[in-house]
Undergrad: 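Below is the structure I would like to discuss, written out as structure tokens.
All values below were derived from every heavy atom in this structure, side-chain atoms included, with hydrogens, water molecules and symmetry-related copies excluded. What you see is a predicted model; the values in this text were computed from it and never measured. To find a chain, count down the sequence lines: A is the first, B the second, and so on, and within it residues start at 1.
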Amino acid sequence: MGNCLNSECAAPDAPCHENFSELKKCRFWQEANGESKNNTLDKKTRSARKQSVDYDGEALTIDKIQQISYRSSPLSIGIVGKADAGKTTFLAMLFTLLQKGKLFENYSFCGSKTLIGWDQLYHHLKVYQGSIQFPDPTPTGLLRVYHLALRAPKGALRDLLIYEASGETFYSWSRNRDDENAENARTIYRKANAFALFIDCADLAERKGLARAEIIGIAEMLRHKLDGRPVVAVWSKADRMSEVVPELKNAISDELKDMFGKIEEIEISNLSVTDPDILVHQNNVQLIDKLLEQMEQLKAPAPSLTNPNEALYNFLP
Amino acid sequence: MSRSILLIGKPGSSKTVFLAQFYLRLQKRKSELSLSDVIGNISVLAPSLDALADGSEPQPTPTEDNREFLLPVVDREGNRFDLLCPEYGGEQINTIIRTRLLDKRWMESVVSSNNWLFFIRLNSLARSKDLSDLTPSGTQVHDQQNERPEYEISDQVAFIELLQLMLQQKAHDYHHLQKDIRLTIVLTCWDELETEEPPKSLLYAELPLLASFISSNWAEDMWSVAGLAALEFSLRKTANQQAYKNRGPENFGFMVSEEGTPTKDITKLISIAL
């Protein structure tokens, strides 16, 4: 048994596109399986029957962001940090909280072209037999883009893209900007309008100076030709902040201030100690709020009415 | 040309019971609405009508039964419209979300209708605890790498995704609020919920992301939420079965307006949807 001749019909895995309960009664199916008496269906006819949607709902790859950019100039955030710093889990927790009614301060949820991708992240954080499964590390070589369509207070649409890649690519980038394994880090650095720099408190508690050196190495690359793009320092796994030597934390904060000037910091966690827990239930959402607010402040003057095609925003680079 | 109201809902969301009760109300002239034609073939509804007449709950329509069902209705002013259910009992909604393919019948129904009735049965939704619910003692949360159930789309995401797919077919422009399509969310089996909360507040409480999605995309006067108890109560109790047998199913059922006002006339749902 073969597949249906109608390229837009998924039979036999899905119901017949033509609504036949028995596939053999469908002429597309008949032709695909040698059951047709007259082969009258040309390619043009088949093409005209296209009814599938143009996106699969999963996280986008970089070459597919035109699915968003065709309708607006999206704002974009790069999630930057070493391996196992909690970058993917942050995204999973962000969507978990949004699903449960946590709100951005100035924006409402208006949709997503990557809704299935978000839901797959959320699936990891569901409790099953008393356990949860943290998301697998992002595979090296993969750059995923998650999308949120947001409605701003005055009704404007804001498309937000969040770029996420493996920690290894950022590690390679921090050692050599042109490293062949740092392509995804370079792409994120080039395309994002703002950055969340992840600082892993658990790693700082355990590896201390080595962990600090890696964070500063990534931060150094980030500040190169930053051109005023906002950076927020994210102390992830902050439920373990008490285990971080205060001098070490202060030293990193000071170094980041030296590098970036004014830099906002925020502590986040996925493990609640209280209910609610600010680090979990508030700050994971507030991180995006902070970045959105800073990106909005950077927006160019509104386009003149005489030139409606002018881009709404003119971010660097 | 008549307008059509599209009735959408996952399997088990009480579409069948509503259609049967709605049909009975029109047939018995217990509504300001009436059938514009005699329905020549009610075989799709017949098992449900028989069950109700006998005081028992209609069985869910077999999921392979993907027949379209249409009720032609007219109001007192003579305005005609069709209540259209493109997949009476089938799994097509789940398939559409999974395969992202809309078959021709669905396509035509979506494109031709600007009045959508979206049935959601809150009590049937899967509810999982997640990491944000836990206040761990240290042993409660651990990373488990095996024997996880396969990914399955969560209910709230499925509702949003279905609306997104349908809006795409209508070429919805996300820059602007939707002012052409009237969306009515119907929280079905309202009696099961045992709540005093108005339907709209309940939608925000139970499915907040869906509520946010709708309110961000629809103009305020183009969407609403209602509660519906098409049976009025469970028919598992003998006394309730007897009441149905003795007084007729058309005397039971109620709906609740967006603000929480109850009414026995469930056909008012159609006025809201229009």
Side-chain angles (χ1 to χ4, degrees), chain A residues 8-10 13-19 21 49 51-57 71-72 92-93 96-103 108-113 115-116 118-120 122-134 149-151 155-157 270-275 277 280-281, chain B residues 64-66 68 90-92 95-107 128-136 140-149 151-154 156-158 160-161 163-165 167-169 173-177 204-205 207-209 211-213 215-217:
Chain A
E8 307 308 328
C9 177
D13 299 326
C16 172
H17 205 60
E18 299 292 307
N19 299 321
S21 54
R49 289 175 177 276
Q51 312 291 8
S52 65
V53 295
D54 59 359
Y55 66 100
D56 63 12
R71 69 179 187 191
S72 72
M93 181 56 81
T96 300
L97 295 171
L98 293 178
Q99 270 228 70
K100 298 171 79 170
K102 293 283 185 273
L103 303 168
S108 58
F109 173 77
C110 196
S112 171
K113 291 262 186 177
L115 201 54
I116 305 297
W118 284 113
D119 198 43
Q120 287 166 343
Y122 165 61
H123 177 72
H124 282 283
L125 299 195
K126 286 181 185 167
V127 176
Y128 177 70
Q129 293 183 349
S131 304
I132 60 101
Q133 181 189 50
F134 287 105
L150 303 172
R151 183 76 66 201
L157 175 71
N270 298 306
L271 304 178
S272 312
V273 177
T274 55
D275 184 20
D277 185 319
V280 179
H281 301 106
Chain B
E64 66 272 16
D65 192 351
N66 276 326
E68 181 178 271
E91 281 275 0
Q92 280 196 16
T95 308
I96 287 168
I97 295 165
R98 198 172 60 245
T99 64
R100 321 189 73 71
L101 291 164
L102 276 82
D103 71 25
K104 205 167 67 177
R105 187 174 55 193
W106 255 95
M107 275 288 305
S128 308
K129 279 203 163 195
D130 61 59
L131 186 57
S132 75
D133 295 317
L134 304 181
T135 306
Q140 202 173 8
V141 174
H142 60 274
D143 196 359
Q144 184 205 50
Q145 292 298 331
N146 344 335
E147 295 177 18
R148 295 284 299 179
Y151 166 71
E152 205 172 302
I153 190 167
S154 36
Q156 183 167 218
V157 164
I160 298 169
E161 193 66 349
L163 285 173
Q164 289 195 141
L165 295 173
L167 284 172
Q168 172 141 333
Q169 301 307 320
D173 181 352
Y174 281 83
H175 287 94
H176 304 291
L177 294 176
Y204 272 100
L207 296 168
L209 198 65
S212 178
F213 173 79
S215 66
S216 299
N217 282 299

Undergrad: Please examine the side chains of B:Ser132 and A:Leu125, heavy atoms only from C-beta on, and report whether any two atoms are closer than 4.5 Å.
TA: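 A:Leu125 does not reach B:Ser132 side chain to side chain.
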Undergrad: Quick check for you: among A:Val280, A:Asp277, A:Asn270, which has the greatest number of heavy-atom pairs under 4.5 Å with chain B?
TA: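 Ranked by contacts with chain B, first place is A:Asn270.
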Undergrad: Taking A:Met93, A:His124, A:His281, A:His123 one by one, which has the highest count of heavy-atom pairs under 4.5 Å against chain B?
TA: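 So the answer, after comparing A:Met93, A:His124, A:His281, A:His123, is A:His123.
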Undergrad: So do B:Ile160 and A:Leu115 actually touch side chain to side chain, heavy atoms under 4.5 Å?
TA: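 Yes, close enough: below the 4.5 Å cut-off.
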Undergrad: Treating B:Gln164 as the side-chain partner and A:Ser112 as the backbone partner, does any N or O pair qualify as donor plus acceptor under 3.5 Å?
TA: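 Pair found, side chain donor or acceptor close to backbone of A:Ser112.
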Undergrad: How many angstroms lie between OG in B:Ser212 and NZ in A:Lys102, if you round to the nearest 0.5 Å?
TA: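 Answer for the OG-NZ pair, B:Ser212 versus A:Lys102, is 14.0 Å.
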Undergrad: Looking just at side-chain N and O atoms, do A:Ser108 and B:Ser216 make a donor-acceptor pair shorter than 3.5 Å?
TA: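 Looking only at side-chain atoms, B:Ser216 and A:Ser108 do form a donor-acceptor pair, the distance falling under 3.5 Å.
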Undergrad: Do B:Leu131 and A:Val127 come within less than 4.5 Å of each other through their side chains, counting heavy atoms only?
TA: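 Not touching, per the 4.5 Å side-chain cut-off.
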Undergrad: A:Tyr128 versus B:Pro149: any side-chain heavy-atom pair under 4.5 Å?
TA: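 Touching, per the 4.5 Å side-chain cut-off.
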Undergrad: Are the side chains of B:Arg100 and A:Ile116 in touch, meaning some heavy atoms are under 4.5 Å apart?
TA: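 Side chain of B:Arg100 against side chain of A:Ile116, heavy atoms only: contact under 4.5 Å found.
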Undergrad: What pairs with A:Lys100 under salt bridge (charged side-chain N to carboxylate O under 4.0 Å, His left out), at least two apart in sequence or on another chain?
TA: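 Expected list: B:Asp130, B:Asp133.
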Undergrad: With a 3.5 Å distance limit and no angle check, can you tell me whether A:Arg71 reaches the backbone of B:His175 through a side-chain donor-acceptor pair?
TA: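 Side chain of A:Arg71 to backbone of B:His175: no pair is present.
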Undergrad: When you measure from the side chain of B:Gln156 to the backbone of A:Gln99, do you find a donor-acceptor pair of N or O atoms at a distance under 3.5 Å?
TA: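 Here the side-chain-to-backbone pair exists.
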Undergrad: Under 4.5 Å heavy-atom distance to chain B, tell me which part of A:Leu103 shows up: side chain, backbone, both or neither.
TA: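 Neither; nothing under 4.5 Å.
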Undergrad: So, A:Arg151 side chain and B:Asn217 main chain: donor-acceptor pair closer than 3.5 Å or not?
TA: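 Looks like no, no N/O pair under 3.5 Å.
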Undergrad: Calculate, to the nearest 0.5 Å, the distance between atoms OG and CH2 belonging to B:Ser154 and A:Trp118 respectively.
TA: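 Rounded to the nearest 0.5 Å, the OG-CH2 separation comes out at 13.5 Å.
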Undergrad: Determine whether B:Phe213 and A:Cys110 satisfy the following criterion, side chain to side chain contact (heavy atoms under 4.5 Å, CB included), listing intermediate values before the conclusion.
TA: CA-CA 5 Å; B:Phe213 173 79; A:Cys110 196; 5.8 Å; no
